[in-house]
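This report concerns only the one structure given below.
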Amino acid sequence: MFPENQQNVQFPQLEAEVLDFWKSQKIYEKSLDARRDGPKFVFYEGPPTANGMPHPGHCLTRAIKDVFPRYRTMKGYYCERKAGWDTHGLPVEVEVCKEMGIHSKEEIENFGIEPFIHKCQASVWRYMQEWERLTERLGFWLKLDEAYVTYHQSYVESVWWALKNFYDRGLLYQGHKIVWWWAQGGTALSAGEVGQGYREVADPSVYVRFPLVEDPKTALLVWTTTPWTLPSNQFAAVHPELEYSTVEDEETGEHLILATALVEPLATKTKKNWKTIATCLGAALLGKRYLPPFDYYYKTLGDAQGRLADNPQATQHLAWRVVAADFVTTDSGTGVVHQAPAFGEVDYDVLKEEQDRFAPGEGPDLICAVGPDGKFTAEAPDYQGRWVKEADKDIAHELKTRGRLFLLDQYLHDYPFCWRADEDPLIQYPRKSWFLRTTQFKDEMVANNQQINWLPDHIRDGRFGNFLESNVDWALSRERYWGTPLPIWVCEETGQAEAVCSYAELEAKPGATGFEVWAAAKKKNPELVDDLKIHKPYIDAITYDSPFAKGAKMQRVTEVIDCWFDSGAMPFAQWGYPHQNADRFEEQFPADFISEAIDQTRGWFYSQLAISTLLFGKGGDGQTVRHEYPHPFKNCIVLGLMLGEDGQKMSKSKRNYREPNEIFDKYGADALRWYLFANQPPWTSIRYNEQSIKDSIPEFLLRLWNVYSFFTIYANIDGFQPEQALTGQAGQLSGADFAGAKGYRPAAERSELDRWVLSELNQAIATVVERMDAYDNYGACGALTNFVDALSNWYVRRSRDRFWSGDKESPEKQDAYWTLYECLITTCKLIAPFTPFLAEGLWRSLAGVFGDRAIESVHLCDFPAPDETAIDLQLSTRMNLIREISSLGRKARMDEKLKVRQPLSLVEVVLADATHQDWLESHGGLIREELNVKDVQFTQEGQKYIDYQVQPNFKRLGPKIGKLLPQVKAALAKADGGELLSQLESNGQITLEVGGQAIELDGEDIQVRLQAKPGWAAAQGKMCVVVLNKELTPELLREGYCKDLVRLIQDQRKEMDLAYTDRIEIGVTTDADELTAALTENGAYITGETLGESLVLNALTGATAIECEIGDFAAKLFVKKV
RNA sequence: GGGCGCAUAGCUCAGUUGGUUAGAGCGCGUCGCUGAUAACGACGAGGUCCCAAGUUCGAAUCUUGGUGCGCCCA
């Protein structure tokens, strides 16, 4: 016996039971053990930062990460799924600061770095339980208890190893990075923070004269919106391919140089009369020297020169000359751009390029007249100690006094402010920083990227490819506290440095001291986790004897590293490689599959690719282990972002989404999963829509459940017991395993309907396997939806008679059970990766009857493989035709208000072609039943009922006749369709006269459409027209009455809450002779349909009279349980 | 400001290499079915395929330029 179902299945409750079952029976562990010898399928978990509550968008990521490993496991692969947590970084520090109500670095340092990082470490775990619970509840199978954690010592030491490798290969260097700097707080802001703080402000916009050294009457006209950067001016940039004009002011006679395109607008704006006296390309201006607006540096360095790198004989002035820059535009300003490399990233790039042009050490140094506090230094004595923004006005005034100011204006633009102190504008400011020389490996990274299978594939050459093309060296260091310490120790005397790759290496250093700081802290608070000893501030205390200078000590640099480096190191650091687990790393590298949302393009996707290429690539130096591309991942699904219900980014404060837990409690994890997998390709950005989640229940889950429920009800009634029919082990419960069972007939011996549904099943399997192998969950789900629909709405419906029939042992009935059983069992396996709970629930019921002889969990089964011999495409086409005919028949009935319960004598089906006519004729029964008609006739001679519309086959004729097509179309439309067709039939072609030339069309060149003529109960589809005979004989009417009655009786049975198998007595009283005659005539039919023992034409004592209307006649119905 | 992506029915979304009647589900409406039943089926209404121009015999689809939204970067 199959378990009795609850009438009203509650999926969340079912899921809870399944979760318990998985846990108590260790199903996940078993699924891994069973595949241990299989080929590897390597999955990497991109570590979430457990720094906030998970929302539905995170469910998408975690669901996608689950479905493919599950699928591959069922396909026989061994897929480990090690969890991981990203624990370092600014977001954690910010979270802690928020909680403490502080925000500047100064406040952190006053509080103490030591207690601060204790708080950071503790904070990381705050939301982790929520994440673990979500992971589990969603059915994401992941080894949570063996998670890698980025602050663990073994992880940090792996990262150190990579950094030391890079350092030793000369890939780590110190330079300047221009950062968005919050001067008041003394800290750099991350891009995300800066992005939050933009707002529109009016800044002064100054046009300044830079007189040429060789011709002081002529000046470059230079534009800037940050006057305070002028004292630190180093260059003026022009675009080499733009045209520049020298104009003469007709009043003053002065000469100015600016971009030609801007002469007119600027002259208009300032009401100047300018005469162009010369033009040239920007390239011709390159190298021209000018007098900067302030001489703080110029007075000592103005004449300084250096030797050029490519020609040591030649020298050039270091600064204050015109240089080329591609970013110069004529959108605003003058086309000549003031360059203060200290205060702009692009300006700084210009400086670097200039430095590279000179012999090493001889190029221009960075000029910076501003201190980290945002105030001018002694190098600009006139403004010393003043906040830069506040000095703007005085600088403009000063320039005006000196005659250098051409125009002072206001400029409206977006400018970033500090998100923590919104009155404080940020400034770009140079900070010493450590860089990873990724640019040296750009070509390698590009080559590696080309080998990655990106989904969607536009990522490869689009967003990700473009990002690689514009690669800049990775600014690795952060002047923060909670992160992987940069493992570089510097000699206090010589400044020489070396990298260290483990704590043990430090301990072994000669003269190493400082370990007692950690020891003391641990003694004071034994709760401290040992991993902290490798963090600030403890690690900073460790010094050792310098190998570079006798008596000197080595001291660590103060920085920690970008936490993206942590996550990007995960392919090896998760194993503690190479200090340990070298074998684990080798067997789990590279990943077959990863997935994250598109915002990770420059995050985890890049950090992994960069680190992997530099460490294990093919082209680098000193690489000990090399791997063929692609690595560290081969296939990557880039998910779209999930937006809130209002189309905005999901945000807690906007409340535009529901907490995942509420979704699970209301609809269940499977409903959410199915919605995520089946509703759209995963890379489209989707709008959270609660209704759609809800809808996935009736659309798929419940529909399948109802089929299952139908099956168990009848299987139990009829005593269909596969576990008794089959002896021995049940194997995978596949068709092949059933072959020897009692009562099981090969598909070839079963009815067409059975063979059809098995063909559909195997086509579905083939599609699902093909789509899932291509990482296309959406396509796979489409095939599953179609199959379940076919199973429910055609197979079961058309097989009802067999399930109801009284003869329990009839082979046809047994066929129906075996067929449906096989379909359900196989569907369980097919849906297992997608909706693992429902699959398990169904499996435990359907396979449970075999007890120990069957596999205990569907997730331990093999994924079904299609049986090609069971697929019959022609049968599919034909069945579709029958379904279309049925559908059209119902439409025609409706148009004529002829309800389906009323039998009709005849339908005629006019086919567009005769291909399937014979087959259809032999399957008239299906149509007769479905449409409730006595006879079906097929014909192609439908002129009586229909018009034929002949159209060109555009796809075929287009390339052939091109421009004549519209005329051919018109000619065909004008001609009589029937005539054209008979012409085609007799001659094999149609000849048309179009545009003075004869066009010959064969059968392939045209397409025929059928159009029902008015006046008939007819409906047309693509392949046929269905025409009803509306004539109702008294006999047909009487039969209709009986069908009405059957339905009333069934209603009453239900009303009386009778068991499916209860037998009844029926009584009917009526004055209508027609009705009486009908009941007498069809008594056996009525009792047969309703399990009636007897049907009498009088009242039954002890039964309530039901007033009812049958046809147009009043009657009373009595139903009584026997 | 730059790069990438998206824009199709009231809602959520499909739409193959361009092919002439643009689909699904939900919702709405009408009807039907009735022992899978708090289900199910059929049909209908509902579309300037964001706008504009271009290429083409033919454009939701290709090109260009806009507009709006999102992401990443400034």
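The sequence lines fix the lettering, A, B, ..., with proteins before strands; numbering per chain opens at 1.
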| Phosphate-side-chain proximity, A:N793 and B:G41, N/O vs OP1/OP2 below 4.0 Å | yes
| message | With rounding to the closest Å, how many angstrom separate the C1' atoms on B:G18 and B:U56? | response | 9 Å
| query | Roughly how far apart, to the nearest Å, are B:A7 and B:C62 at atom P? | reply | 11 Å
In chain order, what residues pass the side chain to side chain contact (heavy atoms under 4.5 Å, CB included) check against [X], with sequence neighbours excluded?
X      : answer
A:R463 : A:I598, A:T601
A:N786 : none
A:P91  : A:N51

| field | Test ring-ring contact (aromatic ring centres under 6.0 Å, His included) applied to A:W674 - qualifying residues, sequence neighbours left out | value | A:F700
| ring-ring contact (aromatic ring centres under 6.0 Å, His included) partners for A:Y1041, two or more places apart | A:F1113
| Are any of the side-chain heavy atoms of A:R658 and A:Y688 separated by less than 4.5 Å? | yes
| Where are the stems of RNA chain B, defined as at least 3 consecutive Watson-Crick or wobble G-U pairs with both distances under 3.5 Å? | B:1-7 with B:67-73, B:10-13 with B:23-26, B:28-32 with B:40-44, B:50-54 with B:62-66
So which nucleotide from [options] ends up closest to the side chain of [X]?
X      : options             : value
A:F954 : B:G35, B:G19, B:A36 : B:G19
A:R602 : B:C72, B:G19, B:A36 : B:C72
A:Y778 : B:A39, B:G5, B:A14  : B:A14
A:D599 : B:C71, B:G35, B:G41 : B:C71

| remark: Protein heavy-atom contacts under 4.0 Å, written 5' to 3' over nucleotides 60-65 of chain B as B (base), S (sugar-phosphate only) or - (none), form the string ------
| field | Nucleic acid footprint by protein, nucleotides 26-33 of chain B - heavy-atom cut-off 4.0 Å, B for base, S for sugar-phosphate alone | value | S----SSS
Using a 4.0 Å heavy-atom cut-off across all strands, classify [X] as base, sugar-phosphate, or nothing.
X      : value
A:P952 : nothing
A:S792 : base
A:Y714 : sugar-phosphate

| Quick one: do A:K1043 and A:E1089 make a salt bridge, cutoff under 4.0 Å? | no
| request: By nearest nucleotide on RNA chain B, pick out whichever of A:K1043 and A:R890 is the more 5' one. | output: A:K1043
| said: On RNA chain B, does the nearest nucleotide to A:L964 precede the nearest nucleotide to A:L1058 from the 5' side, or the other way round? Give the residue. | reply: A:L1058
| query | Among all residues two or more places apart in sequence or in another chain, which pass the side-chain hydrogen bond (donor to acceptor under 3.5 Å, both in side chains) test with A:N689? | reply | A:S692
| request: State which residues pass side-chain hydrogen bond (donor to acceptor under 3.5 Å, both in side chains) with A:D461; sequence neighbours excluded, sorted by chain then number. | output: A:Q450
| task | Pick out which of A:R802, A:R800, A:R798 makes a salt bridge (charged side-chain N to carboxylate O under 4.0 Å, His left out) with A:E929. | result | A:R798
Round to the nearest Å and state the distance from [X] atom [atom1] to [N] atom [atom2].
X      : N     : atom1 : atom2 : answer
A:I885 : B:A42 : CD1   : P     : 16 Å
A:W683 : B:A14 : CH2   : P     : 10 Å
A:Y708 : B:A36 : OH    : P     : 16 Å
A:F803 : B:U37 : CZ    : P     : 15 Å
A:L468 : B:C4  : CG    : C1'   : 14 Å
A:W181 : B:A74 : CH2   : C1'   : 20 Å

| Side-chain H-bond candidate by donor/acceptor type, A:E884 with A:N880, under 3.5 Å | no
| request: Classify the side-chain pair A:N471/A:Y606 by whether it contains a donor and acceptor separated by less than 3.5 Å. | output: yes
Enumerate the protein-to-nucleotides 7-12 of chain B contacts in which both atoms are nitrogen or oxygen and the separation is below 3.5 Å.
{"unit_1": "B:U12", "atom_1": "OP1", "unit_2": "A:R687", "atom_2": "NE", "d": "3.4"}
{"unit_1": "B:U12", "atom_1": "OP1", "unit_2": "A:R687", "atom_2": "NH1", "d": "3.1"}
{"unit_1": "B:U12", "atom_1": "O2'", "unit_2": "A:N679", "atom_2": "ND2", "d": "3.2"}

| said: Students often mix this up, so state it plainly: with edges at 30° and 60°, are the rings of A:F711 and A:F720 parallel, tilted or perpendicular? | reply: perpendicular
Ignoring hydrogens and angles, write down the donor-acceptor pairs under 3.5 Å from the side chains of residues 677-684 of chain A, residues two or more places apart or on other chains.
{"unit_1": "A:Q680", "atom_1": "NE2", "unit_2": "A:L676", "atom_2": "O", "d": "3.4"}
{"unit_1": "A:T684", "atom_1": "OG1", "unit_2": "A:P681", "atom_2": "O", "d": "2.8"}

| Side-chain donor/acceptor contact of A:T785 with base of B:A24 under 3.5 Å | no
| query | Is a donor-acceptor pair below 3.5 Å formed from side chain A:R463 to base B:C71, judging by atom type as modelled? | reply | yes
